[in-house]
Every structure is written in structure tokens, then in C-alpha cells.
Amino acid sequence: MSVPQAQKEGPSKKLESNESIVIDLTNESFKDGISSEEPTLILFHTTWCAACNTFKPIFKEAAKELAEKNTLRFALFDCTDAEEKLEEYNVSYVPIMKLFKKGQYECDYKDAKDLASLIKFAEKHGTPLKK
């Protein structure tokens with residue numbers, strides 16, 4: 001996926017402190033980000049994509065709701081300057097979510113982009129935390 005130069009914006013802002021449960025991956029941190037023992041769901045997005053910007057709050061809300069209940073980790077990856085990663089992980093459009101376990105690609109998220117569906121997916125692919 002080629003990102004048109006005219007649509008590129010500056011680097012994405014860091015997540016606010018109350019949103020720190022969502023990992024903000026970069027080209028440099030991507031490999032480490034997916035190498036965790038815990039499964040990681042990555043939202044591939046761009047800052048200029050309206051659909052991405054509409055879905056990000058839902059993604060963050062799911063992460064917040066599951067933070068103390070499930071091992072699934074939630075991460076954001078801005079694809080604006082990531083042509084190599086787009087090719088490597090077969091990202092041809094955004095927003096798209098992909099699940100990784102122990103550094104390996106597992107599957108694409110193909111369900112509805114709503115909170116209930118996202119939580120159901122997380123519960124299926126993560127492990128409940130013991131209380």
C-alpha cells in the first residue's frame with residue numbers, strides 16, 4: 001500500500017497516560033512488540049484515515065475493558081512510513097487488525113469493528129487473568 005505524500009501528516013502523538021494500556025509500536029519497536037509471550041492484536045492505521053480515526057477509540061476502549069481480565073495485548077502501528085512492514089505483513093488497506101503470538105502472525109481480525117465483537121475476539125484468543 002503506497003501512502004500518498006500529500007496525505008501524510010507528522011508523527012502520531014504518543015498515547016495519553018490513561019491510554020498507556022495500548023502499546024504504540026514504531027518501525028523500530030515492532031519486532032519486540034510482537035515477540036511477547038502474550039498474544040498481541042495490532043491495529044495497522046494511518047493518522048489521515050477517517051475510518052482508522054473512527055475505530056481507534058473503540059480499540060482503546062476494548063483494551064481498557066480487558067486490561068485486568070485478559071492477557072491479550074493491544075497495539076497501534078502507524079503505517080504512514082512503513083512500506084516494508086506493509087509488504088511483510090500483507091497490509092493492503094487500513095484499518096486492519098492482525099493477531100501475533102510469540103512473534104508469529106496468527107490471523108487477521110475479520111469480525112465487526114465494534115466493541116462487543118472485539119472483546120469476544122480477545123476472549124477467544126487471550127487467556128483470562130486469574131483474580
Side-chain angles (χ1 to χ4, degrees):
M1 176 180 91
S2 179
V3 178
Q5 195 67 23
Q7 293 181 335
K8 289 184 180 180
E9 291 182 5
S12 59
K13 294 179 183 175
K14 286 288 180 193
L15 298 173
E16 302 295 316
S17 60
N18 64 344
E19 298 171 335
S20 63
I21 52 176
V22 176
I23 302 159
D24 195 14
L25 298 176
T26 63
N27 279 319
E28 294 76 27
S29 67
F30 192 91
K31 195 78 158 173
D32 287 339
I34 65 170
S35 295
S36 171
E37 288 293 314
E38 293 85 17
T40 305
L41 183 63
I42 300 176
L43 172 59
F44 290 81
H45 70 95
T46 62
T47 56
W48 50 262
C49 168
C52 299
N53 292 329
T54 298
F55 182 66
K56 269 198 287 188
I58 297 167
F59 188 80
K60 291 176 182 178
E61 182 61 28
K64 184 177 175 183
E65 281 197 28
L66 292 166
E68 307 217 358
K69 300 176 188 173
N70 194 293
T71 60
L72 186 79
R73 301 174 341 137
F74 290 76
L76 295 170
F77 181 71
D78 185 351
C79 301
T80 304
D81 293 312
E83 201 68 36
E84 192 174 293
K85 292 281 185 286
L86 300 178
E87 289 176 22
E88 183 177 355
Y89 296 106
N90 197 30
V91 175
S92 56
Y93 62 89
V94 291
I96 187 170
M97 289 174 280
K98 294 182 179 277
L99 180 68
F100 293 84
K101 289 185 181 176
K102 298 180 183 176
Q104 300 297 314
Y105 165 79
E106 287 286 315
C107 66
D108 283 5
Y109 174 90
K110 296 183 178 182
D111 299 327
K113 289 186 174 77
D114 61 54
L115 185 59
S117 299
L118 198 51
I119 288 174
K120 185 176 178 181
F121 180 88
E123 289 171 342
K124 178 180 177 184
H125 293 283
T127 303
L129 293 173
K130 296 178 181 173
K131 294 182 181 184

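- Taking the six-membered ring for Trp, Phe30 and Phe77 have ring centres closer than 6.0 Å.
- Counting heavy atoms from C-beta on, the side chains of Leu118 and Asp111 never come closer than 4.5 Å.
- Separating the CG atom in Asp24 from the OG atom in Ser29 is a distance of 7.5 Å, to the nearest 0.5 Å.
- The aromatic ring centroids of Tyr89 and Phe100 lie less than 6.0 Å from each other.
- Although no hydrogens or angles enter the test, the distance criterion places no donor-acceptor pair under 3.5 Å between the side chain of Arg73 and the main chain of Ile21.
- Two residues are said to be in side-chain contact when any heavy atoms from C-beta on lie closer than 4.5 Å; Pro39 and Glu106 fail this criterion.
- The CD atom of Glu83 sits 9.5 Å away from the CG atom of Asp81 when rounded to the nearest 0.5 Å.
- Asn27 contributes no side-chain N or O that, together with a main-chain N or O of Ala82, makes up a donor-acceptor pair within less than 3.5 Å.
- The OG1 atom of Thr26 lies 10.5 Å from the CG atom of Asp78; values are rounded to the nearest 0.5 Å.
- Atom CG of Asp108 sits about 11.5 Å away from atom CD1 of Ile42, to the nearest 0.5 Å.
- Closest approach of Gly33 to Leu25, counting heavy atoms only: CA-CD2, 3.8 Å.
- Under the 3.5 Å distance criterion, the side-chain polar atoms of Ser35 are matched with a main-chain donor or acceptor of Lys31.
- To the nearest 0.5 Å, atom NZ of residue Lys113 and atom CZ of residue Phe59 are 11.5 Å apart.
- For residues 117-128, the side chain to side chain donor-acceptor pair (under 3.5 Å) pairs, not counting sequence neighbours, are Asp114-Ser117.
- Phe55 pairs by the ring-ring contact (aromatic ring centres under 6.0 Å, His included) definition with nothing, not counting sequence neighbours.
- Residues Leu43 and Phe74 fail the side-chain proximity criterion, which asks for heavy atoms closer than 4.5 Å.
- Side chains of Glu65 and Leu115 form a contact here, defined as non-hydrogen atoms less than 4.5 Å apart.
- A heavy-atom distance below 4.5 Å is found between the side chains of Lys98 and Val91.
- For Thr54, the side chain to side chain donor-acceptor pair (under 3.5 Å) criterion is met by no residue, not counting sequence neighbours.
- Two residues are said to be in side-chain contact when any heavy atoms from C-beta on lie closer than 4.5 Å; His45 and Leu76 meet this criterion.
- Between Asn70 and Leu129 there is no side-chain heavy-atom pair separated by less than 4.5 Å.
- Here the straight-line distance linking atom SG of Cys79 with atom CH2 of Trp48 works out to 9.5 Å at 0.5 Å rounding.
- Looking only at side-chain heavy atoms (C-beta outward), Leu72 and Thr40 stay at 4.5 Å or farther from each other.
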